Amino acid sequence: MVKLAEYRGKEIFRKYGIPLPRGHVATSANEARDLVAQGKVPLPCVIKAQVLSGGRGKGGAVQFAETPEEAGSRAGGILGQEFKGERVRQVLLEEKLPIAREFYVSLTLDRSRRLPLLMASASGGMEIETVPDEKILKIPIDPMVGLVSYQRREVAAALGLPPSANPSLDATLQALWRIFVMEDAELVEINPLALVGGALVALDSKVIIEDDALFRHPEYEKLTGDLTPLEAKAHEKGIAFVEIGGDIGVIANGAGITMATLDVLSQEGGAPGVFLDLGGTDDPKKVAEAFLLMSEAHPKVVFINIFGGVTRCDTVANGLVEAMRLAPPKFPLVARIRGNNEKEGVEILRKAGVGSFTSLAEAARQVVALERNGRNPGGPAPPSEAIPAPGGAS
Amino acid sequence: MVKLAEYRGKEIFRKYGIPLPRGHVATSANEARDLVAQGKVPLPCVIKAQVLSGGRGKGGAVQFAETPEEAGSRAGGILGQEFKGERVRQVLLEEKLPIAREFYVSLTLDRSRRLPLLMASASGGMEIETVPDEKILKIPIDPMVGLVSYQRREVAAALGLPPSANPSLDATLQALWRIFVMEDAELVEINPLALVGGALVALDSKVIIEDDALFRHPEYEKLTGDLTPLEAKAHEKGIAFVEIGGDIGVIANGAGITMATLDVLSQEGGAPGVFLDLGGTDDPKKVAEAFLLMSEAHPKVVFINIFGGVTRCDTVANGLVEAMRLAPPKFPLVARIRGNNEKEGVEILRKAGVGSFTSLAEAARQVVALERNGRNPGGPAPPSEAIPAPGGAS
Amino acid sequence: MSVLVGPETKVVVQGITGHQGTIHTRNMKSFGTEVVAGVTPGKGGSTVEGVPVFNSVQEAVRATGANATTIFVPAPFARDAFIEAVDAGIPLAAIITEHIPFHDMLSMLYYGRVHGTRIIGPNCPGVATPGPAKGSKIGIIPNMIFRPGRVGVISRSGTLTYEIVNSLSEAGIGQSTCIGLGGDPVPGTTFVEALEMFHNDPGTDAVVLVGEIGGVAEEEAADYIHSRFGKPAVAYIAGRSAPSGKRMGHAGAIISRGRGTAESKVEALTRAGVHVARFPYEIPDLVRQVLHGG
Amino acid sequence: MSVLVGPETKVVVQGITGHQGTIHTRNMKSFGTEVVAGVTPGKGGSTVEGVPVFNSVQEAVRATGANATTIFVPAPFARDAFIEAVDAGIPLAAIITEHIPFHDMLSMLYYGRVHGTRIIGPNCPGVATPGPAKGSKIGIIPNMIFRPGRVGVISRSGTLTYEIVNSLSEAGIGQSTCIGLGGDPVPGTTFVEALEMFHNDPGTDAVVLVGEIGGVAEEEAADYIHSRFGKPAVAYIAGRSAPSGKRMGHAGAIISRGRGTAESKVEALTRAGVHVARFPYEIPDLVRQVLHGG
């Protein structure tokens, strides 16, 4: 998902006509001071760290200034700092407006109804997750027709807006809808949407663009900020990789089978730590790459649980054998390779000294036993010896 | 309907990304010469009168030039001339391109299917009305979904386009669709759409915006060019008025009743000449205005045929009486006022010395008889005497 | 019996506080129509002609069980008003408003189809079912022209329909239901759809079609009548002597490229076995003939 | 008996000349499926795996009478490929393609509904009905896992479904039809819709639901089962021990705000009388129990 920083979201807001406070981005204290001194940002002003995490207000990432010098020093105090692990490279300076009230509005996808959902609340300025459900107006929107006037009137009523602000609300909601559709957004949120002198102004922006639609929007780049270094490396190679801290590495194919493997290992008392989802690959090289990535996570034991549908077992087996040849693994390996070309795959692994289980429960028990061995000071046994021949399949 | 001149349609084309020849508009010979001399319009160039009527090529309204001087003199020769009754105030100068082939594409409304209709033909460059139906590809388009790729491929096949031109065609058709929707067009036509060096270029434009959607498009003004002076005057006052040349003036309400009146009068041997459709007015002033407009057309006899539904007969009667007071008519008047508040309306007319028929056929016969009298050298009889008491109503 | 509206119809009037909305609320009520609610945003809580006014159609439907709407709101807001009615679950909408952009109508047509709401109009006089005791009407067709009976009327025209219905009534021929389709380029209901309703209505013995030049709706009606319509039909086409290419008041009445001419319509209908009147006042006699073989 | 696909199903493959299209055409054919046509624009006239290739779906339908499609075309072109299939009159589409923008899916869903074309997927393995003689399949579910029988399978997962169907077959429990819904945020067919099909299928005695964390589709399925479903059901929910907030491969597997958790799904299903397996390999026994009271 592509989550845009506040100022980038506001650039989109401006393009679609949503009223904003006057403001500019600065990347240095001097620049911040000059912007204010030159009158490009009116005083008093707000200085906001341009980071993607929420809770900036409490975290000191939002400051105020009354003079150009103060704006410069406050900006300097924020820039370069880390906020929830993210380095602050830009600040947004904006005029501080006399706010009468703060509202919440957003558009997102309602998966249950399979329709866009407009949400609005008179309780603006706080995380919407903390607002009680009955204080949030939710209106499903027909994607082919968009927002219509009675829905906008419902929002006005829910917000308790003065009638003078209605044209402003109508324009804002229509812009929100156009952004949602035209920019392929997963979420467009204005929180707070402030009432300032009878009209509405967007004080913050939250815009998330859908990954799958990026082919239509080359101007947005995919976000990898939340990932661990290894996850980011996997991400670059197009491999789904998740680290959660545990001993067992799991290589599976598909989200469902990955989760089911995790469920079984946990039930058997294991501590899965790394998941690597091969998806529907047909490419032995990709399997080898995945295996080498897994090695870098230093698991105590690795469980390969593959059911071949699109993926062929022999492809996976060839990739594994190739990877083991390039970098002999320092951990024991348990395999369960079933499905498409199962016989061929099992045979390839067998020739490379790796046995394959048929039963998931048995395989999982073996993995957990090896994990416990791995915790012993004796260190991991070599794979060819550590892996017993699988029990008889039915 | 708002029919845009070629250069205005092309401004829209440019905005939506349809490739055009390089060109500029000029309003004088000097300006035309300078545009070419300064290289803003490459040579050789085409000079086209910006008038709304078709058939410019045959009519001398399209010329060519090889030098700036020639461009200036050709432009000067066209500017200020009349073309099919329309004064030429602008010419469009455009580079003359090496055209390989000429196609036709358009989007319009298919009233029968109640869907937008994409039309395309390999026989470009001539009026589409003259192209045989089997040489025109017609594709109905879902208005909620728009053009999709297989439809664009069908067009490419029908035009026999080289594959290299496909991206150009796709972009052009998508732009055509966006113009149709975003600009509320009744018609968007490119004829000819020329193949020039493997890509498509729009050599002409025809864009008609729907009158009823003008509230969304204040940039377009309503066209009154085709109207007679009286029609234009009526148009300004919001009265539908049609002059076709004949003796009888008809004031009716609604298109259907107007046409039916015409049908009956023609059948009885009359020559209706002016129609004035009051529509659903409730305003006696508008009725009076309409009547005065009718007087200006100098009919030999006027037939007022009203069936009051939304319109009330007493409103119409009051308006008529007021108009007759302001400007006593120089023609006999036959009335048939029925429906809503009929009794009151008939009574008001009766008091003003105008009788009212119940039967349409009888009224029409009386109108035609008076038309024939009016042709006699004796001149029109005064209305109060000319109009007999109506026959008994059923 | 009747189609579309009847004693069970409970009408909401959108735009009730406007001039036309108020007048026609009164007229609908005096026709016998159950006008149960009006809607004008911001005017909720007031009453018009004794009818309670609500801020939204949904409120009106919840409070009154309205199951049909008559839309009088101005053209720029008509699309949204219709969608509001659909979202409130109303299955039938007569849209009186004229000058609605056809692009708006295309999306209204889609929305009505997906959600099962039938549109009559726009730019139409609506639908009326006269009753021996009380009638039911959505729209603006004048009350006094009707007589209850067994002839269905379908028309693209407004005032001409009144004229014709009136002449039927004066000739003693009553009507089951009269449907005014409106003359816009994209009508919510076509001749064919209206004919299907009368085909299925045991209370209708014959149908009168009032068409006009322009478009091909009458030709399509002829095809339907020929292949599937099981009742006698009489038609009148206005504009036989209309000047070619001149607009006669609305877009439906323009002839282009030889299609949609009076000749082609008359010929298609005649071939389908429809009795086509040359003049509106011939209609009562023709109806009498098809009903009684007279 | 079965749902969605069977011996009468004639399949067209959109994107047949691509790598996956070719492989799975072969697989579908060897399952017994009547793959009658392929479509790749510009490749018309060739054959793939003995199947004639056409330039458009309409040509393919006209030539072969195809009544189902399997769509392998890349995400940016999938929406248009689907609309082409709908316009060609195809009533059933399995969309295998992953990474289709949900905004595209919203309009595809509309288009399918208006024109009566059911979507399975996107990002799904498709639908398979094993047969004693020959089976029928649209999509990519592996052939060798099936055994004909009377248990319906509905799943949001891909490979896990194969695993589970395989375990059913190994335990001697055959399947009527297996439907892979796909894990995308906007699926063309939901659990509830698939359950309705099995509810009406005389060839299905019980149903296995394979769900996963995220979304509320399983909770809605529970409501439906509780109120209307007339057959025994067994379920498995993957992700009980998944780390909160971490994506497990696709958008369907993210937990947000305490809704869509494994707990809420298991609880809802259990309350609806569904037997919920803790692990996939418990499913065959549970199915045996609900079928035979064992």
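Since the structure is predicted, the reported quantities are computational estimates derived from the model, not experimental observations. Proteins get letters first, then strands, A, B, ... in listed order; numbering begins at 1 in each.
- Summarising the geometry, atom CD belonging to B:Gln151 is positioned 6.0 Å from atom CG belonging to D:Asp87; distances are rounded to the nearest 0.5 Å.
- Minimum interatomic distance between B:Asp142 and D:His115 (heavy atoms only, all atoms of both residues): OD2-NE2, 3.9 Å.
- Contact annotation for D:Phe77: neither backbone nor side-chain heavy atoms come within less than 4.5 Å of a heavy atom of chain B.
- When the shell of 6.0 Å around NZ of D:Lys134 is examined, it contains more than 12 heavy atoms from other residues, nucleotides or ligands.
- A donor-acceptor pair under 3.5 Å is formed between the side chain of D:Asp80 and the backbone N or O of B:Ser149.
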Please evaluate residues B:Val145 and D:Arg79 with respect to the criterion side-chain contact (heavy atoms from CB on, under 4.5 Å), reporting the C-alpha separation (whole Å), side-chain torsions for both, the decisive distance (0.1 Å), and the verdict. CA-CA 10 Å; B:Val145 161; D:Arg79 186 193 84 129; 4.0 Å; yes

